[in-house]
There are 2 protein chains.
Amino acid sequence: MRSPLAPGSTIGILGGGQLGRMLSLAAARLGLKTHIYSDRTDDPGFDVAAARTTAPYSDTDALAAFAQSVDIVTCEFENVPAGTLAALSGTVAVCPPPQAFAVAQDRLHEKDFLKERGIAVASYAAVDGSEDLEAAFAAVKLPALLKTRRLGYDGKGQVRIRNRAEAEDAFAELGAVPAILEGFVAFDREVSVIAARGSDGAMVFYDPAENVHDRGILATSRVPSALSAEHASQAKEITRTVAEALSYVGVLCVELFHRATETPALLVNEIAPRVHNSGHWTIDACAVDQFENHIRAIANWPLGNPGRHSDAVMVNLVGEEIDRWEKLAGQPDLALHIYGKNGTSPGRKMGHYTRLFPKV
Amino acid sequence: MRSPLAPGSTIGILGGGQLGRMLSLAAARLGLKTHIYSDRTDDPGFDVAAARTTAPYSDTDALAAFAQSVDIVTCEFENVPAGTLAALSGTVAVCPPPQAFAVAQDRLHEKDFLKERGIAVASYAAVDGSEDLEAAFAAVKLPALLKTRRLGYDGKGQVRIRNRAEAEDAFAELGAVPAILEGFVAFDREVSVIAARGSDGAMVFYDPAENVHDRGILATSRVPSALSAEHASQAKEITRTVAEALSYVGVLCVELFHRATETPALLVNEIAPRVHNSGHWTIDACAVDQFENHIRAIANWPLGNPGRHSDAVMVNLVGEEIDRWEKLAGQPDLALHIYGKNGTSPGRKMGHYTRLFPKV
């Protein structure tokens with residue numbers, strides 16, 4: 001087992017968006033420096049990192065220099081090219097492990113991975129070309145979602161299908177790239193579990209958050225969720241199964257559909273091999289938040305207590321919602337977080353706030 | 001009244017020690033950038049600042065460039081040379097105001113300032129030269145403390161005097177610089193009030209912390225203190241008087257001696273025109289901590305709620321105490337903060353931790 005990374009060491013982070021930025025802030029609290037590598041010049045993470053590199057993710061010289069300058073590498077996004085990870089991993093340890101990205105980057109692999117481990121998912125079928133649609137509709141009941149296998153996020157790369165006549169157009173609309181057809185799940189709620197796993201296999205779990213999406217983008221997360229204690233425990237055990245199967249190190253998020261009166265009650269929607277928007281409430285409601293636990297896990301420190309001192313509701317500030325910052329700053333019991341991004345556009349995550357409540 | 005500094009603006013900070021570092025982290029949470037100016041090359045604040053300048057505090061060219069590059073300037077330490085503040089203030093607003101530094105930098109001015117405003121302090125007398133000792137002992141009862149008027153901190157620049165025969169040596173030991181003789185206060189406890197004041201005169205007060213020092217250096221701060229509600233309220237009112245008299249903008253700390261059964265119960269020990277070690281518990285126990293409220297005040301934002309969600313004990317990690325980091329990292333309900341300093345020396349503040357408890 002690796003020894004703990006001492007204060008003063010440097011964590012390399014691929015990606016400098018708000019997640020990289022909050023990872024940097026968490027690392028700083030522990031006396032660790034960060035070096036952010038991004039293909040963008042104006043990432044908000046750069047403002048709080050000790051060192052910065054702007055280069056393409058395919059630039060092997062820049063990656064080699066980056067690998068030399070840091071003690072470990074992690075990522076703020078799951079769509080890191082496999083070649084980037086391969087270029088780094090000869091020189092420096094990369095956490096989470098490459099197999100986690102391989103599974104999370106492809107919806108078909110992800111579903112197969114979960115199903116093979118006895119974890120319930122929505123019905124699904126591969127659609128590599130339009131000739132596969134016929135067989136897919138035999139396996140998946142309508143209504144359904146047609147989703148690209150790769151590069152989807154925040155509701156992008158998916159189309160809802162209510163009748164078979166829409167399928168050809170939907171496939172074309174997605175770019176005729178490899179896709180999967182997924183049965184629509186009539187869920188009571190969406191929940192997510194944020195967990196951290198150390199290289200020694202130790203795990204900690206934050207209580208499941210109840211999430212509401214708006215046009216595919218997370219709008220709010222609330223803890224505690226309305227899950228029963230039994231279902232909350234099941235959600236954590238599913239997350240444990242996923243993490244162990246991936247030999248995972250770091251923080252991961254498992255998003256689930258909950259159907260209170262059906263069996264099974266929980267279906268996994270997707271896995272994010274990283275800190276996650278639905279865990280931002282932990283910054284203000286826990287002594288050790290998801291960002292610090294990710295840093296602790298990859299730096300081989302003991303994991304921190306995921307217990308919360310307060311109940312919480314996290315609200316995302318998307319696009320022009322950030323224009324309310326001045327009003328929000330004046331409201332009591334509200335922790336405001338602004339990501340420092342250059343410029344607002346529709347759907348862009350610009351900040352969030354968390355309201356704290358005495359724990360019930 | 002100034003309009004609020006918009007996210008994306010830059011706060012200039014003089015000094016890049018742990019306070020400048022934690023101010024930077026707080027600014028980042030609000031989407032503000034920081035530019036740290038320090039006469040040191042390896043300050044830990046540099047690791048989390050968007051821009052960095054290393055130059056002497058007397059370098060007028062470097063100060064001019066710094067003033068041009070930022071939207072407002074603040075300080076992490078009170079002994080900023082008056083010339084530095086003057087060089088900046090022609091170009092950029094400086095908060096807190098220069099008069100706060102003038103008062104806090106000189107123990108004699110500080111005591112006179114407080115006394116003139118009807119605030120109780122220990123008995124004291126000026127000792128500009130050894131010829132003043134005779135008159136000083138007429139005004140101040142033994143035991144007493146001889147303190148340099150300027151540049152004292154963490155118990156430095158002071159000597160305890162039990163009898164008059166020690167006075168000459170003590171004065172020489174301090175370097176025969178202008179000093180004051182202060183009557184020793186037999187206190188029941190030391191407390192401090194952290195408050196923030198906006199440019200519109202609005203103020204918020206954190207509950208007083210009860211502080212324990214070890215060899216002149218803060219060891220622990222606890223909230224709530226053992227002050228009665230009446231005395232806690234008096235401590236806050238004293239702090240209000242100080243802040244208003246200085247037309248203060250930002251966070252300030254007033255340290256007081258408490259004598260439960262004497263009148264007056266509270267004597268002011270000293271004023272710090274900055275965020276303060278005895279307010280570090282606010283990071284983990286409040287939705288808006290002292291650092292964020294300092295940034296909010298100087299950026300002309302609404303002040304944040306100083307209420308706490310948890311009771312707390314903050315413990316400093318001084319010198320080699322930081323070597324316990326690995327053990328501390330493994331303890332539950334403990335928020336660990338390491339400052340990322342290059343090298344440990346006796347008396348150097350290397351980090352702290354805060355334990356949270358359900359609010360009583």
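Keep in mind that the numbers below use all heavy atoms, side chains included, and drop hydrogens, waters and symmetry copies. Lettering of chains follows the sequences in order, A, B, ..., and the numbering in each one begins at 1.
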Item to check | Close approach to chain A in residues 19-29 of chain B, criterion heavy atom under 4.5 Å | outcome: B:Arg21, B:Leu25, B:Ala28, B:Arg29
Between [X] and [Y], is any pair of side-chain heavy atoms under 4.5 Å apart?
X	Y	result
A:Ile194	A:Asn293	no
A:Arg240	A:Phe205	yes
B:Phe66	B:Leu14	yes

Checklist outcome for this item: Scored by heavy-atom pairs under 4.5 Å with chain B, the best of A:Asn342, A:Asp284, A:Val288, A:Asp333 is A:Asp333
Item to check | Largest heavy-atom contact set with chain B, pairs under 4.5 Å, which of A:Ala50, A:Ala51, A:Gly340 | outcome: A:Ala50
Is it the backbone or the side chain of [X] that comes under 4.5 Å from a heavy atom of chain B, or both, or neither?
X	result
A:Leu5	backbone
A:Leu334	backbone
A:Leu356	side chain
A:Asn305	side chain
A:Ala6	both
A:Arg52	side chain
A:Ala329	both

Next on the checklist: Could you walk me through whether A:Leu336 and A:Leu317 satisfy the side-chain contact (heavy atoms from CB on, under 4.5 Å) test, starting with their C-alpha distance in whole Å, then the side-chain angles of each, then the deciding distance to 0.1 Å, before giving a yes or no?
Outcome noted: CA-CA 10 Å; A:Leu336 181 62; A:Leu317 297 169; 4.0 Å; yes
With respect to chain A, which residue among [options] yields the maximal number of heavy-atom pairs within a distance under 4.5 Å?
options	result
B:Arg296, B:His309, B:His337	B:His309
B:Gly330, B:Pro44, B:Pro4	B:Pro4
B:Asp47, B:Leu30, B:Ile322, B:Leu32	B:Asp47

Give me the atom names and distance for the closest heavy-atom approach of [X] to [Y].
X	Y	value
B:Ser310	B:Ala285	O-CB, 3.6 Å
A:Met203	A:Thr239	CE-O, 4.4 Å
B:Lys349	B:Lys341	O-NZ, 2.6 Å

Side-chain ([X]) to main-chain ([Y]) donor-acceptor, under 3.5 angstrom:
X	Y	value
A:Arg348	A:Gly343	yes
A:Tyr206	A:Asp289	yes
B:Thr34	B:Ile36	no

Checklist entry - In terms of side-chain geometry, is the basic nitrogen of B:Asp207 or B:Lys236 positioned less than 4.0 Å from the acidic oxygen of its partner? => result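 So B:Asp207 pairs with B:Lys236 through a salt bridge.
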Checklist entry - Just checking, any donor-acceptor pair under 3.5 angstrom between side chains of A:Asn316 and A:His280? => result no
